[in-house]
A.B. asks: 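What follows is a structure written as C-alpha cells; I'll ask about it next.
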Amino acid sequence: MVREIGHFIGGKRVDGASGRFGDVFNPATGEVQARVSLATRAETARAIDAAERALPEWSAMNPQRRARVMFKFLELVQKDMDNLARMLSSEHGKILPDARGDIQRGIEVIEFACGIPHLQKCEYTEQAGPGIDVYSMRQPLGVCAGITPFNFPAMIPMWMWGVAIACGNTFVNKPSEKDPSVPLRLAELMMEAGLPEGVLNVVNGDKDAVDAIIEDSRVKAISFVGSSDIAQYIYANGAARNKRVQCFGGAKNHLIVLPDADMENVVNNLIGSAYGSAGERCMATPVAVPVGEKAADTLVKMLKPRVESLRIGPSMSEDSDLGPLVTAAHKKRIEGYIQMAVDEGQKLVVDGRGFKLQGYESGFFLGGTLLDGAKPGHKSYNDEIFGPVLQIVRAKNFEEAIALPSKHQYGNGVAIFTRNGDAAREFVRKVDVGMVGVNVPIPVPVAYHSFGGWKRSGFGDTNQYGPEGVRFWTKVKTVTSRWPDDVQGAEFVIPTMG
Ligand code: NAD
C-alpha cells in the first residue's frame, strides 16, 4: 500500500477526499513511492475559507511580530535541512547538494522578508497644501495564491508566500503534483514557528484546483511559475477577473561566448549551468553561442570529453554531477527532442540516450547530450527542452549573437562571457531578455533584487521577491488629510497646488 499525501489546511495536515490521485515517483528507481490526492474544487475552497478566516488577525498584526515568525522559521528550517533535502531529492531527482541549494535560495528570500517592517514603510509629504499632508500606505491584498512548478519545490513556494505572508496576506499554495512533500513540510515548519492557523495553506491538485483558485472572487492575487502555455492561461483568466496576476513561464537561455573569453572558464561554467539539475532549471543554459568559427570549433572540442565524463548518479548521491529526470514521460519527451534535432540537421556530438545506471536500470536517467549546428527555425531550438541537452548555435559576429536571444520567443536569462567591457556593456544594454549575466552563467538575482523574465517567460509586469515582490503583494492607498479641519467654502474647481 503506497503512502498517501493530502493537504495542509487551517494549520494541519488533512487527508484528500477526491478519490483522484497523482503518482509521486522516486526518479532514481522508477518506483511509485507515494500518491498525492488531487483536490476537488470544494477542497480548494476549504483552503481559501481557512485563509479568509485567518486574514483579519494576521493583516492587523504589527509587521515586527510578523517578521518574528519568519525569523523563527529560519531557525527551524536550518535544523530540518537534511530531512528536507532528502525529501526533495527523493521526489525530484536532483542530487542532495543541489537540493540543499534549492532550500537555501528559498531561505534567502525569507531572510529578505524578515525586513518587512522597513520594507513596507511608505511616503509622507508634509504641508502639500495649507494644513494638508499626503501619505501613502502599502496594505496587504487579502487572500493570495501561488501555483508552483516541480523543479524548485522549496525555493519557489518560499519566493511567493515568504514575501506575501510577511506583507500581511494569507495564502494558498498549489504545488506541483510531481513533488508535493516539501511544500507541505515547509507549511508545517511555519506553524511551529508561530504562524496562526490558516495563514498558510497547501492544496495539492491539478487543473481543477487551479481553476477553483482562479474563479474564487476571494482570491485577490495569483503568482504562477511553470510552463508558458499554462502561465498565459492563468494570466488571462485571472486578469479577466480583476485579480493581480504575475505568471512566469518557460525559458531557453543563451550563453554567448566572445572569442576573447577564457575558454577553460567558459567550459567549466557551461558544463555546470547546462547539465546541473539535469537541465531542469528555468535559468539553465541550454544554448551556447560561440562567436566565430574558431571559437565554436574550440568550444565543441573542449566540451565533448567533459560531457562524456559527466558523473550521473542516484538522487541521494553527494558526489554526482546530476541525477535522473523527474518522470519517465519527461525523459521520453526529451529523447524526442534529441531525435528532432538530428532530423533537423544538427550534429549529435554526444548522445545521452540509452544511458543506464548500474543498479538503477528503471530510473529516469538520461546522459548528457551535445548538439552542434542548431539554428533559428529549428523547432528543437525554438522550444524549451528542459533536460541535459546543450545546443550550439554558431554566430558569425557580435550583432548576430545579440540578435539570437533577443529574437527568441523566451526572454528569461542570458549570459555573455568576455574580457571586453565595452562589448559586455553594449550587450547588457541592447539584449531583449529580463536577466543578464556578465561572466556569470546563471544570473538568478539575489533575494533583495527581483527575479523575472520577458516575452513568453513572463506575463504581467511585477517581478518575484525583492522590492518588486513587496509591490506585487501589497496595494497602495494614498491619503490626503487636512488638519486643522477649518470650515471651508464650497469649491467647484479641481483643487490644485498652484
Ligand atoms: P507546469 O506548467 O507543468 O506546472 C506548473 C504548475 O501548473 C503546477 O502546479 C501544475 O500542477 C499546474 N498545472 C499543470 N497543468 C495545468 C493546467 N492545465 N491548468 C492549470 N494548472 C496546471 O510546469 P512544470 O513542469 O511543473 O515546471 C517546469 C516549467 O516551469 C518549465 O517550463 C520551466 O521553465 C518553468 N519554470 C519557470 C521559472 C521562471 O521563473 N520563469 C522557474 C521555474 C520553472
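Numbering of ligands and ligand atoms starts at 1, following listing order.
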A.B. asks: With a 4.0 Å cut-off on N to O distance, would you call E215 and R41 a salt bridge?
C.D. replies: yes

A.B. asks: Which residues satisfy the side chain to side chain contact (heavy atoms under 4.5 Å, CB included) test with K475, sequence neighbours excluded?
C.D. replies: L141, R244

A.B. asks: Residues two or more places apart in sequence or in another chain: which of them pass side chain to side chain contact (heavy atoms under 4.5 Å, CB included) with A54?
C.D. replies: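 Applying side chain to side chain contact (heavy atoms under 4.5 Å, CB included) to A54 gives T170, V199.
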
A.B. asks: Output a table of donor-acceptor pairs, distance under 3.5 Å, between side-chain atoms of residues 387-394 and any protein atom two or more places apart or on a different chain; print 'none' if there are none.
C.D. replies:
residue : atom : partner : partner atom : Å
Q391    : OE1  : K252    : NZ           : 2.9
Q391    : NE2  : Q346    : OE1          : 3.1
Q391    : NE2  : S380    : O            : 3.4
Q391    : NE2  : S380    : OG           : 3.1
R394    : NE   : D372    : OD1          : 3.2
R394    : NH1  : E293    : OE1          : 2.6
R394    : NH1  : D297    : OD1          : 2.9
R394    : NH2  : D297    : OD1          : 3.1
R394    : NH2  : D372    : OD2          : 2.9

A.B. asks: Do Q78 and Q104 touch side chain to side chain, with heavy atoms closer than 4.5 Å?
C.D. replies: yes

A.B. asks: Name the residues in contact with ligand 1, where contact means a heavy atom under 4.0 Å away: which are they?
C.D. replies: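 Correct list: I147, T148, P149, F150, N151, I156, K174, P175, S176, E177, K178, G205, K207, V210, F224, V225, G226, S227, I230, F248, G249, G250, A251, C282, E384, F386, N412, F451.
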
A.B. asks: In plain terms, say whether K94 and D179 are close enough for a salt bridge, that is, a side-chain N and a carboxylate O under 4.0 Å apart.
C.D. replies: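 A salt bridge is absent here (no side-chain N lies under 4.0 Å from a carboxylate O).
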
